[in-house]
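In each ligand, atom 1 is the first atom listed, and ligand 1 is the first ligand listed. For the single chain, residues carry numbers from 1 onward in sequence order.
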Amino acid sequence: MKNLTIEISGQPSHYDIVFEETLVSLDKSLKAQIKRRNYLVVTDRNIYEKSPFFRLNDFKNHLLVLPPGESEKKWETVVKILDKAFELDLDRQSVFVAISGGVYGDMVGFASAVFMRGVPFIQVPTSLLAMVDSSVGGKTGFDCAQGKNLIGAFHQPEKVLCAADFLKTLPHEELKNGFCEMVKHGIVADEIHFKSLESMPSLTVKTIMPLIRDSIAIKQKIVEQDEKEAGIRGYLNLGHTFGHAIEQLSDFKIPHGQAVAMGCVMAAEFAYKKEISSAELVAVIRAIFEKFEIGVDCEFSQTAIFKAMRHDKKKKDGHIRLILPEAIGRVRYYEMADEL
Ligand SMILES: NC(=O)c1ccc[n+]([C@@H]2O[C@H](COP(=O)([O-])OP(=O)(O)OC[C@H]3O[C@@H](n4cnc5c(N)ncnc54)[C@H](O)[C@@H]3O)[C@@H](O)[C@H]2O)c1
C-alpha cells in the first residue's frame, strides 16, 4: 500500500503514514525510526496480552503497560507516563511511542507535548479507530470531570506506522467503532467512500482492510488545509457533540465510535428538523450503521443530551456549534441558539 504524507505548517512540517505489511516489518521500521534515541513505549494491558507484536519485541524496561479503557484517559494516567519518562531518564532528544488505540495514543501524544516542553512521538495505531482517525492529525489530550478531551494540545507525531495486522486480535465491537468513524469521513467529505463502506457484504478485517487508506486520505486532506481546526477541520466533529454527551451520560459504557454513530444519526435528524436536509438522508445514515448491527438509538432524553453538551469545546461566542449533514459528502456548521 502506498504511504501517505501529511503536509502541515508547524514543526515537523510534514510526516509520513507508513503502511506496514506485517508486524515483523513494523518492528523493523519502528526500531529504525527510534534509532539510537532513548525512548518510552506505552500500550494497554489488552493489547499487550493479545497482540503477538509484543512477542516479537518486549522493549524490556522501556515498556509501560497500563490498564485499558476510556475511564483511564485522565490526568493521573498522564502523570504515570511522565513519571516513567523521568525514571528512564528521557531528555529532549528522546522519543515517546504509543502502540495503542486512541485512548493511549491521545495521552502519550499529550505527555510528549508537555514533557520538557515537547519531545517527538511515534504513533503505532492498533485499533481501527486509531488507524483511520486518532493517530492522524496531532490532536492529543485527556478527559476530565467536565467533559471529554477538554484538556489537550496539538502535537503532531513524527511518524505513524500503521499495520493492519494488529486488527486480527481486535474484538469485533472495536472494529465497529472504527467503522463508525470511517462512515463519518464518508458523510463529511466523500460519497464514494461512503458507498464503498455501504456495499461491504459484512464487516470483517478482510473487507475493511482495503478501505483504511482511503479513509485516512480523507482526514489527511482536511488536516492539511486546517491543522488547528479554525475552519473545515471542525467538520470531522460530525456526530461528536451529541456523541461526547452520550458517552459521558452512559458513564463511557457506550464506546466512542458507537456514540459517534448515534451522534451522526441525531445530527441528521436535527438537520431534517431544521430543513437543512431530507428524511431520505436520515434513512441512509441510519441504514449503513444498522446494516452492520450498530445500534443508533440511545436511552437518553434530548434534554439530558443537550444539557451534557454545554461543556463541549465546539462553541463559538457561547453557542454550541453543530456539524450537520446536508447530503452524503457535504456538511455545514450550525450554531444552536435557543435549543439549549
Ligand atoms: N485525537 C483524535 O483526533 C481522535 C479522533 C478520534 C477519537 N479519538 C479518541 O480515541 C479514543 C477511542 O479510541 P479507540 O476506540 O481506539 O479506544 P481504545 O484505545 O480504548 O481501544 C479500544 C479497545 O480495543 C483494545 N485494543 C486496541 N487495539 C487492540 C488490538 N490490536 N488487539 C486487541 N485489543 C485491542 C483496547 O485495549 C481497548 O480495550 C477516544 O478517547 C477518543 O476520544 C481521538
*Asks:* What are the atoms of ligand 1, with element, lying closer than 4.0 Å to any heavy atom of G101?
*Replies:* 16 (O), 19 (O)
*Asks:* Are the side chain of R213 and the backbone N or O of K2 linked by a donor-acceptor pair below 3.5 Å?
*Replies:* yes
*Asks:* Check the orientation of Y48 and F54. Use parallel for under 30°, tilted for 30 to 60°, and perpendicular for over 60°.
*Replies:* tilted
*Asks:* Can a donor-acceptor pair be found, under 3.5 Å and without considering hydrogens, that links the side chain of T241 to the backbone of L238?
*Replies:* no
*Asks:* Can you sort out which atoms of ligand 1 are near K73, meaning under 4.0 Å from one of its heavy atoms?
*Replies:* 9 (C), 40 (C), 41 (O), 42 (C), 43 (O)
*Asks:* Quiz question: by atom type and distance under 3.5 Å, do the side chains of E247 and H256 form a donor-acceptor pair?
*Replies:* yes
*Asks:* Could you check, using the six-membered ring where one of them is a Trp, whether F121 and H155 have ring centers closer than 6.0 angstrom?
*Replies:* yes
*Asks:* Would you mind checking which non-hydrogen protein atom is closest to atom 9 (C) of ligand 1, with the distance to 0.1 Å?
*Replies:* D106 OD2, 3.5 Å
*Asks:* We want to know whether D143 and Q248 form a side-chain donor-acceptor pair, criterion being a heavy-atom distance below 3.5 angstrom.
*Replies:* no
*Asks:* For side chain to side chain donor-acceptor pair (under 3.5 Å), just list the numbers for D16 and T5, CA-CA rounded to whole Å, side-chain angles, deciding distance to a tenth of an Å, and then say yes or no.
*Replies:* CA-CA 4 Å; D16 291 331; T5 300; 2.7 Å; yes
*Asks:* At what distance is the nearest protein heavy atom to atom 10 (O) of ligand 1, and which residue and atom is it?
*Replies:* G102 CA, 3.4 Å
*Asks:* Can you confirm, on distance only, whether ligand 1 has an N/O atom lying under 3.5 Å from any N/O atom belonging to D44?
*Replies:* yes
*Asks:* Identify, for atom 41 (O) of ligand 1, the protein heavy atom at the shortest distance, and state residue, atom and that distance.
*Replies:* E70 OE1, 2.6 Å
*Asks:* Measure centre to centre between the rings of F179 and F292, then say whether the value is under 6.0 Å.
*Replies:* yes
*Asks:* Among protein heavy atoms, which lies nearest atom 2 (C) of ligand 1, and at what distance?
*Replies:* S134 CA, 3.6 Å
*Asks:* Please list the nearest protein heavy atom to atom 43 (O) of ligand 1 with its residue and the distance rounded to 0.1 Å.
*Replies:* K148 NZ, 2.9 Å
*Asks:* Geometry only, no angles: is K139 polar-contacting ligand 1 at N/O separations under 3.5 Å?
*Replies:* yes
*Asks:* For atom 6 (C) of ligand 1, which candidate among T140, D133, I99, V136 holds the nearest heavy atom?
*Replies:* D133
*Asks:* Please indicate whether any nitrogen or oxygen in T126 is less than 3.5 Å from any nitrogen or oxygen in ligand 1.
*Replies:* yes
*Asks:* Checking Q33 against E158: is there a side-chain donor and acceptor pair closer than 3.5 Å?
*Replies:* yes
*Asks:* Which of the numbered atoms in ligand 1 are below 4.0 angstrom from a heavy atom of T169?
*Replies:* 30 (C), 31 (N), 32 (N), 33 (C)
*Asks:* Is there a polar contact, in the sense of an N or O pair closer than 3.5 Å, between A130 and ligand 1?
*Replies:* no
*Asks:* Return yes or no for this condition: an N or O of Y104 is under 3.5 Å from an N or O of ligand 1.
*Replies:* no
*Asks:* Just checking, any donor-acceptor pair under 3.5 angstrom between side chains of K73 and N149?
*Replies:* yes
*Asks:* What atoms of ligand 1 come closer than 4.0 angstrom to any heavy atom of K219?
*Replies:* 3 (O)
*Asks:* Could you tell me whether ligand 1 has any atom less than 4.0 Å away from a heavy atom of N149?
*Replies:* yes
*Asks:* Look at atom 29 (C) of ligand 1 and say which protein heavy atom is nearest, naming residue and atom and giving the distance to 0.1 Å.
*Replies:* L170 CD1, 3.4 Å
*Asks:* Nearest protein heavy-atom contact for atom 24 (O) of ligand 1: which residue, which atom, what distance?
*Replies:* E174 CG, 3.5 Å
*Asks:* Looking at atom 34 (N) of ligand 1, what's its closest protein heavy atom, distance included?
*Replies:* P171 CD, 3.8 Å
*Asks:* Is there a donor-acceptor pair closer than 3.5 Å between any side-chain N or O of S277 and the backbone N or O of L281?
*Replies:* no
